[in-house]
Every structure is written in structure tokens, then in C-alpha cells.
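Report on the following structure.
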Amino acid sequence: IQLTDLHLSRLFGARWARGVVARANAQEVDLIVITGDLMDGTLKARKDDVEPLRSLRAADGVFVIPGNHEYYFGYECWMEKYQ
């Protein structure tokens, strides 16, 4: 599964993210890639909204690459969070 441009925010918060995770995990895929722009906001503002993504499961792993929004809102902090 490829997840991209989730833009987790006040509009698309933790509840919405939990739904995305549930639907993705139900597919029982080998690999999940998240290709940038996971959120709209700083780590402090969006940490609870991205937290459900930790529950993503795939046999060969879950991988994240940054998009431009990670650079807009504190790249270093977000990359540490994504580890």
C-alpha cells in the first residue's frame, strides 16, 4: 500500500488516522510506504494526530519518506518522530 499526502491536521486528526490505519492493516499487505506530507503542522501541534500511524503493520515493514510539508514544519523533529 502507498499512503501519500495524508495531511493530518485539525480537519484530518487522530480519529481519521485510526480509520486509515484500520483499513490499511485489514489488507494484510507485504509493504506499506508513506510518501510524504503526513501532516500539516509542527510536531507539537500534530503529534497526537500522527501517533495512530505507529499501528500500521506489514510483513516487510512500513517506510516513510519526507515530503515538502515535513520541511515546512520542522524537518529534523519530524524525522526523529518517524524513526
Side-chain angles (χ1 to χ4, degrees):
I1 288 179
Q2 177 188 6
L3 301 173
T4 191
D5 294 281
L6 296 174
H7 292 279
L8 297 170
S9 61
R10 286 182 287 155
L11 182 59
F12 299 106
R15 180 176 171 200
W16 185 82
R18 284 190 294 276
V20 169
V21 169
R23 288 188 300 279
N25 286 345
Q27 302 304 307
E28 299 181 3
V29 298
D30 293 328
L31 179 70
I32 297 174
V33 293
I34 308 174
T35 53
D37 293 356
L38 278 76
M39 53 59 226
D40 284 332
T42 64
L43 178 59
K44 183 177 179 181
R46 299 280 66 92
K47 67 180 179 176
D48 293 338
D49 298 323
V50 299
E51 191 61 30
L53 300 179
R54 286 190 182 278
S55 297
L56 285 166
R57 299 288 178 254
D60 293 328
V62 177
F63 297 88
V64 175
I65 61 170
N68 60 320
H69 282 238
E70 279 76 19
Y71 287 93
Y72 295 157
F73 296 108
Y75 175 81
E76 292 82 12
C77 294
W78 279 113
M79 291 303 99
E80 286 180 31
K81 175 75 171 169
Y82 294 161
Q83 290 183 350

Between Leu56 and Ala24, which heavy-atom pair has the shortest distance, and what is it?
CD2-CB, 3.8 Å
Between NZ on residue Lys44 and SG on residue Cys77, distance to nearest 0.5 Å
12.0 Å
When you group the ILVMFWY residues by side-chain heavy-atom contacts below 4.5 Å and let the links chain together, are Leu53 and Val29 in the same group?
yes
Decide yes or no on side-chain contact (heavy atoms from CB on, under 4.5 Å) for Arg18 and Arg23, but give the supporting numbers first.
CA-CA 9 Å; Arg18 284 190 294 276; Arg23 288 188 300 279; over 6 Å; no
Shortest non-hydrogen pair, Leu6 vs Phe12, comes out as O-CB, 4.5 Å
Gap between atom CH2 of Trp16 and atom CG of Leu11 - 0.5 Å precision
9.0 Å
Output for pair (Asp40 CG, Asp5 CG), nearest 0.5 Å, gives 9.5 Å
Could you state whether Met39 and Leu3 fall into the same hydrophobic cluster, counting links through intermediate Ile, Leu, Val, Met, Phe, Trp or Tyr residues with side-chain heavy atoms under 4.5 angstrom apart?
yes
Start with the C-alpha distance between Trp78 and Leu38, add both sets of side-chain angles, then the distance that settles side-chain contact (heavy atoms from CB on, under 4.5 Å), and finish with yes or no.
CA-CA 10 Å; Trp78 279 113; Leu38 278 76; over 6 Å; no
For Arg57 and Arg54, which heavy atoms make the closest approach, and how far apart are they?
NH1-O, 2.9 Å
CG (Asp48) and CZ (Arg15) are apart, to the nearest 0.5 Å, by 16.0 Å
With a 4.5 Å cut-off on side-chain heavy-atom distances among I, L, V, M, F, W and Y, is there a chain of contacts connecting Val50 to Phe63?
no
Output yes when a side-chain donor or acceptor of Asp37 lies under 3.5 Å from a complementary backbone atom of Thr4, and no otherwise.
no
Aromatic plane relationship, His69 with Tyr72 - under 30° parallel, 30 to 60° tilted, over 60° perpendicular:
tilted
How about Glu28: does its CD atom have over 12 heavy atoms from other parts shown lying under 6.0 Å from it?
no
Here the pair of heavy atoms bringing Ile65 nearest to Thr35 is CG1-CA, 3.7 Å
Would the distance check show the side chain of Asp60 and the main-chain N or O of Leu31 forming a donor-acceptor pair, the cut-off being under 3.5 Å?
no
A side-chain contact here means heavy atoms from C-beta on lying under 4.5 Å apart; do Arg10 and Arg46 qualify?
yes
In short, Phe73 meets Gly41 closest at the heavy-atom pair CB-O, 3.1 Å
Checking Glu70 side chain against Gly36 main chain: does a donor-acceptor pair fall under 3.5 Å?
no
Nearest atoms (heavy-atom pairs only) where Asp49 meets Ala17:
O-CB, 3.5 Å
